[in-house]
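What follows is a set of notes on a single structure, which appears directly below.
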Number of protein chains: 2
Amino acid sequence: MRRAATIKDVAAAAGVGLATVSRVLSGTGSVSPATRDRVLAVAKELDYRPSAIGRSLKLQRTGSIGLLVPDITDPFCAELAAGVLDCARTLGEHVILDVAHDDPEREGEIVDRLVEQRVDGIIAIPGSGDGAVWRDAARVVPVVFAGRGLPGLPSVVADDRSGVRAVVEYLVGLGHRRVAFLGGHVSVAAGPEREQAFRDTLAELRVPVDDDLVVRARSTADSAFAAAASLFQRRSDVSAVLAASHLLGEAAVLAARGLDLRVPADVSIAMIDDMPWAELCDPPLTVVARPARDMGYRAAELLLRDPARRERGRPVVLATELIVRGSCGPPAGLPGGSARSSRTR
Amino acid sequence: MRRAATIKDVAAAAGVGLATVSRVLSGTGSVSPATRDRVLAVAKELDYRPSAIGRSLKLQRTGSIGLLVPDITDPFCAELAAGVLDCARTLGEHVILDVAHDDPEREGEIVDRLVEQRVDGIIAIPGSGDGAVWRDAARVVPVVFAGRGLPGLPSVVADDRSGVRAVVEYLVGLGHRRVAFLGGHVSVAAGPEREQAFRDTLAELRVPVDDDLVVRARSTADSAFAAAASLFQRRSDVSAVLAASHLLGEAAVLAARGLDLRVPADVSIAMIDDMPWAELCDPPLTVVARPARDMGYRAAELLLRDPARRERGRPVVLATELIVRGSCGPPAGLPGGSARSSRTR
DNA sequence: ACTATGATTGGAAACGTTTCCAAAAGGTCT
DNA sequence: AGACCTTTTGGAAACGTTTCCAATCATAGT
């Protein structure tokens with residue numbers, strides 16, 4: 001692995017000037033077929049690879065974008081990242097990935113480093129911080145948010161309100177009147193918006209909102225489980241629960257199982273965000289899915305090829321989809337309720 | 001967002017030479033406290049951000065590594081990527097991520113582009129190709145493989161043989177004699193090594209290997225499901241199945257459920273690679289876990305700070321762990337077998 | 001006072017590209 | 001043969017750093 005050949009080496013070996021080699025390789029300008037062939041041959045011979053560094057320096061753009069997510073092992077983030085990669089690939093851009101673990105300070109550091117790298121832009125799933133970091137960042141480099149937006153800055157988000165409304169309508173339509181909401185400050189969205197949408201929809205449907213049935217967990221798995229379990233124990237009359245994130249949904253499923261509640265005979269469970277395991281659950285979980293991959297793709301598109309629209313800063317809103325599987329049914333004791341629907345507690 | 005300040009601007013504004021600014025900012029050499037403070041103040045004032053491009057050009061290293069995986073939405077890949085990011089962060093390196101979808105041609109393109117970017121090295125989970133791409137790549141840039149190795153090239157892999165042996169011993173210990181192997185050419189490992197280990201272990205334990213019970217699926221979910229379903233239907237006497245990858249495990253679970261086989265009463269299921277959903281399954285799945293995150297971390301370490309060891313090209317082998325959950329039990333009809341273990345077919 | 005020593009400082013080269021500009025070369029027309 | 005295009009070519013500057021080297025400066029020792 002000795003020193004890589006430079007354009008200068010190629011020029012010398014081919015007996016032409018640097019400029020000519022550059023022209024041949026970039027296909028611009030005019031070169032005689034003879035020299036073109038010679039240069040090409042020499043370049044191949046020397047295994048010449050143009051240096052993106054040299055080019056970036058001259059061209060003042062790197063062809064890389066930054067992608068900042070809270071946690072790449074989170075399936076939502078991963079799916080979104082896949083969308084970004086898809087789009088970046090078609091546009092010939094590289095993607096520098098980093099994770100911030102929902103820590104604003106770390107978000108700041110990463111942004112700084114990306115700026116030093118002179119990325120052409122940044123796509124971020126922002127953490128739960130107050131967004132100060134991001135308002136600063138957006139002054140220095142183009143930023144597009146995905147999954148969660150910040151007021152006034154460009155973003156690609158899902159229509160959470162409609163998603164929540166759809167699933168709440170579905171549950172109420174099945175006959176549920178005591179529907180719980182399991183929310184909390186979980187990193188990948190699930191801010192207060194979903195809770196608000198939950199309350200609003202219930203109000204619209206003239207179902208009284210029982211404040212005791214909306215619980216908020218902190219963003220650890222333990223806290224989520226504790227919240228779900230205590231909800232089930234405290235209120236054995238809940239007939240359905242909507243989990244505001246996949247972590248909370250997981251907690252609900254586990255808590256129900258731990259308490260020997262049958263799903264959906266004893267309690268119906270629905271969750272926001274589709275996950276691979278939702279289908280493998282027994283019964284498979286009914287969810288409202290956000291189009292994570294699309295969101296990533298659109299975010300990249302917005303960042304790289306739609307500067308005008310980006311400047312306007314208005315969120316691009318993508319539709320969610322209610323995916324009905326087997327985890328929701330009519331409440332216990334209602335006509336249509338399963339025969340074994342008496343609680344075992 | 002006007003033109004960013006350069007070191008030259010800072011030098012001019014502070015009334016010093018470029019070299020001095022560079023020294024202040026990089027902390028090398030000696031500068032008087034007075035000038036140091038002045039330069040620092042001016043730099044802050046101008047919001048100066050050193051350009052990594054300029055530095056990279058001069059220093060002939062970029063501080064970036066490439067990470068190439070088949071699919072970032074695969075939890076194994078994602079977990080491994082998280083490990084790489086962890087290590088890269090502690091070493092101050094950036095990670096350029098790309099996905100090849102198990103396509104050797106695309107792997108090649110990506111490698112070429114990474115080489116043009118002058119990455120300091122590449123970490124790859126290679127696809128199922130013959131490795132020609134990678135032998136070429138390794139001549140041009142340091143490469144470390146993770147998850148799956150290539151003979152003669154440095155890699156960090158899991159001790160698959162021991163993992164397979166552990167789970168097969170466990171199953172046979174439970175009393176199983178007709179153990180099926182669900183294998184195939186799935187992108188994230190599951191080559192012929194696991195099948196071989198399966199056969200070897202059975203032989204060691206003096207359990208006859210029934211060739212009809214080792215089936216191979218292609219790497220699509222459909223093919224995996226079909227293979228699993230047809231196995232269960234064709235051979236109602238299998239009492240346990242070992243799935244060689246998480247896709248195959250998923251297929252086994254779904255196929256069993258579709259045929260109303262109870263797990264583990266009717267059939268025991270075990271799988272290679274732990275997945276988030278394995279715990280959420282009902283019953284939770286017994287698996288042999290590869291330390292994906294560690295593998296990523298170690299691979300990055302090997303690439304960045306252990307060139308000597310890397311040169312030697314011998315694989316770093318990490319231990320697997322058998323995680324016993326609830327999906328395996330004694331075979332039907334054996335003392336200890338559950339009361340409801342009569343097949344419902 | 002003069003030199004030796006050490007701490008500071010700045011100029012300039014180098015890293016690998018792209019591109020402007022002018023020069024050279026080749027051709028056509030009067 | 002000269003003037004005039006057009007095509008092809010190469011030199012040189014610029015992009016933003018780092019670092020070698022030499023120069024300057026102050027301080028202390030003789």
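Proteins get letters first, then strands, A, B, ... in listed order; numbering begins at 1 in each. Owing to the predicted nature of the structure, the values given are computational and were not obtained by experimental measurement.
In this structure, CD1 on A/Ile123 lies 11.5 Å from CG on A/Leu97, to the nearest 0.5 angstrom. Annotation: the span from A/Leu67 atom CG to A/Ile122 atom CD1 amounts to 10.0 Å, rounded to 0.5 Å. Separation of atoms CG (B/Asp98) and CD (B/Glu107) is listed at 11.0 Å; rounding is to 0.5 Å. Within the model, atoms CZ of B/Arg290 and CG of B/Leu80 stand 8.5 Å from one another, a figure rounded to the nearest 0.5 Å.
Within the structure, ring-ring contact (aromatic ring centres under 6.0 Å, His included) contacts touching residues 84-134 of chain B (residues at least two apart or in different chains) are B/Trp134-B/Phe145.
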Extract from the structure each pairing of a protein N or O with an N or O of nucleotides 17-24 of chain D at less than 3.5 Å, listing the distance.
residue, atom, partner, partner atom, Å
D/dT17, OP1, B/Tyr48, OH, 2.8
D/dT17, OP1, B/Ser51, N, 2.8
D/dT17, OP2, B/Ile7, N, 2.7
D/dT17, OP2, B/Tyr48, OH, 3.4
D/dT17, O5', B/Tyr48, OH, 3.2
D/dT18, OP1, B/Arg55, NE, 3.2
D/dT18, OP2, B/Ser22, OG, 2.8
D/dT18, O2, B/Lys58, NZ, 3.4

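Between A/Glu301 and A/Arg298 there is a salt bridge, since at least one side-chain N of the basic residue sits less than 4.0 Å from a carboxylate O of the acidic one. Taking a cutoff of 4.0 Å between a charged side-chain nitrogen and a carboxylate oxygen, B/Arg89 and B/Asp86 do not qualify as a salt bridge.
Between its opening and closing five pairs, the helix from C/dA1-D/dT30 to C/dT30-D/dA1 changes axis direction by 60°, a value rounded to 10 degrees.
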Using atom types as modelled, flag every donor-acceptor pair under 3.5 Å from a side chain in residues 58-66 of chain A to any protein atom, sequence neighbours excluded.
residue, atom, partner, partner atom, Å
A/Arg61, NH2, A/Glu93, OE2, 2.8
A/Arg61, NH2, A/Asp120, OD2, 3.2
A/Thr62, OG1, A/Ser64, N, 3.4
A/Thr62, OG1, A/Arg118, O, 2.9
A/Thr62, OG1, A/Asp120, OD1, 3.4

Handout entry: Stepwise side-chain contact (heavy atoms from CB on, under 4.5 Å) test for B/Thr73 and A/Arg293
Key = CA-CA 10 Å; B/Thr73 67; A/Arg293 200 182 198 98; 4.2 Å; yes
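Taken residue by residue, residues 29-38 of chain A places heavy atoms nearer than 4.0 Å to DNA chain D at A/Ser30, A/Val31, A/Ser32, A/Thr35.
B/Asp306 is linked by a salt bridge (charged side-chain N to carboxylate O under 4.0 Å, His left out) to nothing, counting only residues two or more places apart in sequence or in another chain.
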